[in-house]
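So the structure is just underneath, and the comments pick up after that.
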Amino acid sequence: MLGWLTIGGLVLVLGILADDWYANRHVRPLSHMKPDPKTIKGYTGMEELDITHANQKIVRKGSKNGP
């Protein structure tokens, strides 16, 4: 019985230490995952999320159809 309490206590202490370490470590923002347009060739699937790309597409479509 004392062995299980010791193991349970160690697991609890390790869990608290791991939680503290995880909360205090430096986390990089998600913007580092954004692909570099200079190195990417082709369609990445993120073009719909880029507002500047969407605006350029609208302007291109408008210039082809309009005067």
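Residues that satisfy the side-chain hydrogen bond (donor to acceptor under 3.5 Å, both in side chains) test with N24, not counting sequence neighbours, are D20.
Counting Ile, Leu, Val, Met, Phe, Trp and Tyr side chains that sit under 4.5 Å apart, directly or through other members, L17 shares a hydrophobic cluster with V13. In the hydrophobic clustering, where aliphatic and aromatic side chains (Ile, Leu, Val, Met, Phe, Trp, Tyr) are joined below 4.5 Å either directly or transitively, L12 groups with I16. The hydrophobic cluster containing V11 also includes I7, under a criterion of side-chain heavy atoms closer than 4.5 Å among ILVMFWY residues, counted directly or through chains of members.
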